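Let me begin by presenting the structure, written as structure tokens, before commenting on it.
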Amino acid sequence: EKFFADLSAGIIVGIVALPLAIAFAIASGVKPEAGLYTAIIAGLIVSVLGGSRVQIAGPTGAFIVIIYGIVQKYGFDGLAIATFMAGIILILMGVARLGTLLKFIPYPLIVGFTSGVAVIIFTSQIKDIFGLQIAELPADFISKWIVYFQNFSAVNYNAIFTGGLSLLILIFWPRISHKIPAPLVVIIVVTIIVQIFDIKVETIQSRFGEVPNTIPAPQLPHITWDKIMGVFSPAITIALLGAIESLLSAVVADGMIRSRHRSNMELIAQGVANVFSPIFGGIPATGAIARTATNVKNGAKTPVAGIVHAIVLLLIMLFFGKWAALIPIPTLSAILLIVSYNMSEWRS
């Protein structure tokens, strides 16, 4: 009985995680498949080793700003080293039993942080939702908006239609059904409409090429002392953010399933996941509150649901990866705009 509940929850969460993994990767300045590799590898490791029974791990919105900055400054190789180092730091934090100390972080600080990240994610999606032809976007928040206003005369109406339709489906579909995830519906429906009516809009394929349908062979990043010193500070940021978000997610899950997680074991699991994620071409990962909540709401009881979620993502990538390349970029932007709204914590 538990197994079939976990199986059902894992399949649904795997489907929900697909567009989010791709969207978070693109917004972070890396290729879409990097998000999929992260969700599969980290999702599997955290479910097998983790201290929470129902935690779902993968790329999250909170990391977007940090990852984008690291990639711009140090390249993907620098990000891989920073993620690898963050994983080791997380393991050491778990071994040193620092998990219990993180509960003393003030809640208003967490709310302020996630609200700030939400505003930055929202800002980063304006270019794609309006189809603005801007070659190089500035990294700074205010500079971005100045460039947007300078280029608003050149909006792409096909992109606005695609993004607007995607937003409407994402907002109103949950009123029709909670069983079938809105992100899945919007990706299938809007991609089909764009293909049938040949709407000229940017897709994953036109921007990044084909989405691979294999997991890459494990490969250690090229580590040098200079690179270690360069990304040491970002690695600490990734580790602390990963620790806070994963334990916060575990606490939320505890309240939903009336259980208690093991915080130090959760940190070790997150550390191992972040050590292996860059080896397989992934990016930083942590516990994802929204996906964990979706997991619980769909009946998850044990870590089997998280393992199933990773397997479902792997199967989708293996057999449907080529179709994922047809997803319109404005649709992914619409998904991220909804994510940023849900992260905004405006009620708090």
Side-chain angles (χ1 to χ4, degrees), residues 1-25 33 35-61 173-174 177-188 211 213-215 245-246 248-259 261-262 265-266 269-270 272-274 276-277 280 282 285-321 323-324 335 339 342:
E1 193 176 317
K2 272 186 180 178
F3 173 75
F4 283 109
D6 286 332
L7 183 68
S8 170
I11 291 169
I12 291 168
V13 178
I15 291 167
V16 169
L18 174 73
L20 292 174
I22 292 172
F24 288 145
E33 58 266 28
L36 291 173
Y37 300 154
T38 309
I40 294 165
I41 301 297
L44 181 65
I45 290 171
V46 168
S47 291
V48 172
L49 299 179
S52 168
R53 294 173 67 79
V54 290
Q55 179 89 285
I56 299 292
T60 67
W173 179 259
S177 170
H178 282 287
K179 283 290 179 189
I180 306 171
L184 175 68
V185 174
V186 77
I187 274 184
I188 292 172
V211 175
N213 58 355
T214 55
I215 292 278
E245 193 171 2
S246 63
L248 188 65
S249 176
V251 169
V252 171
D254 284 351
M256 295 177 78
I257 63 171
R258 293 188 173 89
S259 175
H261 72 281
R262 294 171 295 149
M265 192 61 229
E266 184 64 24
Q270 296 290 344
V272 175
N274 279 287
F276 278 92
S277 178
F280 286 93
T286 184
I289 296 174
R291 272 160 278 168
T292 299
T294 303
N295 193 32
V296 175
K297 285 176 185 173
N298 284 284
K301 300 284 190 293
T302 75
V304 170
I307 294 168
V308 170
H309 135 271
I311 293 169
V312 166
L313 275 171
L314 176 62
L315 293 174
I316 290 172
M317 194 180 78
L318 292 178
F319 297 106
F320 300 102
W323 303 112
I335 290 169
V339 167
N342 292 334

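No experiment lies behind these values; they were computed from the predicted model shown.
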### Message
Which residues pass the side chain to side chain contact (heavy atoms under 4.5 Å, CB included) test with Ala253, not counting sequence neighbours?
### Response
Ser52, Val54, Thr292

### Query
To the nearest 0.5 Å, how far apart are CD in Glu1 and NZ in Lys301?
8.0 Å

### CD-CD1 distance between Glu245 and Ile289, expressed to the nearest 0.5 angstrom
5.5 Å

### Query
Closest approach of Ala25 and Gly35, non-hydrogen atoms and distance?
CB-N, 3.5 Å

### Query
In chain order, what residues pass the side chain to side chain contact (heavy atoms under 4.5 Å, CB included) check against Ile45, with sequence neighbours excluded?
Ile41, Leu49, Val272, Ala273, Phe276

### No-hydrogen, no-angle side-chain donor-acceptor test under 3.5 Å, Gln55 and Ser249
yes

### Query
If you take all heavy atoms of Ser47 and Gly306, which pair is closest and at what distance?
OG-CA, 3.1 Å

### Query
If we only count heavy atoms from C-beta on, is the Asp6 to Val308 side-chain gap below 4.5 Å?
no

### Query
What residues form a side-chain hydrogen bond (donor to acceptor under 3.5 Å, both in side chains) with Ser8, not counting sequence neighbours?
none

### Query
Do the non-hydrogen side-chain atoms of Val186 and Trp173 ever get within less than 4.5 Å of each other?
no

### Query
Rounded to the nearest 0.5 Å, what separation is found between the CG atom of Leu7 and the NZ atom of Lys2?
15.5 Å

### Query
What is the distance from atom CZ of Phe280 to atom OG1 of Thr38, rounded to the nearest 0.5 Å?
12.0 Å

### Query
Considering all heavy atoms of both residues, which atom of Asn213 and which atom of Leu318 are nearest to each other, and what is their separation?
O-CD2, 3.0 Å

### Query
Name the one of Ile56, Val16, Asn295 that satisfies side chain to side chain contact (heavy atoms under 4.5 Å, CB included) with His309?
Ile56

### Query
Nearest heavy-atom pair of Ala17 and Arg291: which atoms, and what distance?
CB-CD, 3.9 Å

### Query
What pair of heavy atoms forms the shortest contact from Ala5 to Gly299, and how long is it?
CB-O, 3.3 Å

### Query
Roughly how far, to the nearest 0.5 Å, is OG1 of Thr302 from CD1 of Ile257?
10.0 Å

#### Entry: Heavy-atom side-chain proximity of Ile22 to Val211 below 4.5 angstrom
no

### Message
Nearest 0.5 Å, please: how far is CD1 in Ile180 from CD1 in Ile188?
### Response
9.0 Å

### Task
Give the minimum heavy-atom separation between Lys179 and Pro181, together with the two atoms involved.
O-CD, 3.5 Å

### Task
Using side chain to side chain contact (heavy atoms under 4.5 Å, CB included) as the criterion, point out the one residue from Leu18, Leu44, Ile15, Val13 that pairs with Leu313.
Leu18

### Message
Any non-hydrogen side-chain atom of Ile187 less than 4.5 Å from a side-chain atom of Ile335?
### Response
yes

### Message
A side-chain contact here means heavy atoms from C-beta on lying under 4.5 Å apart; do Tyr37 and Ile215 qualify?
### Response
yes

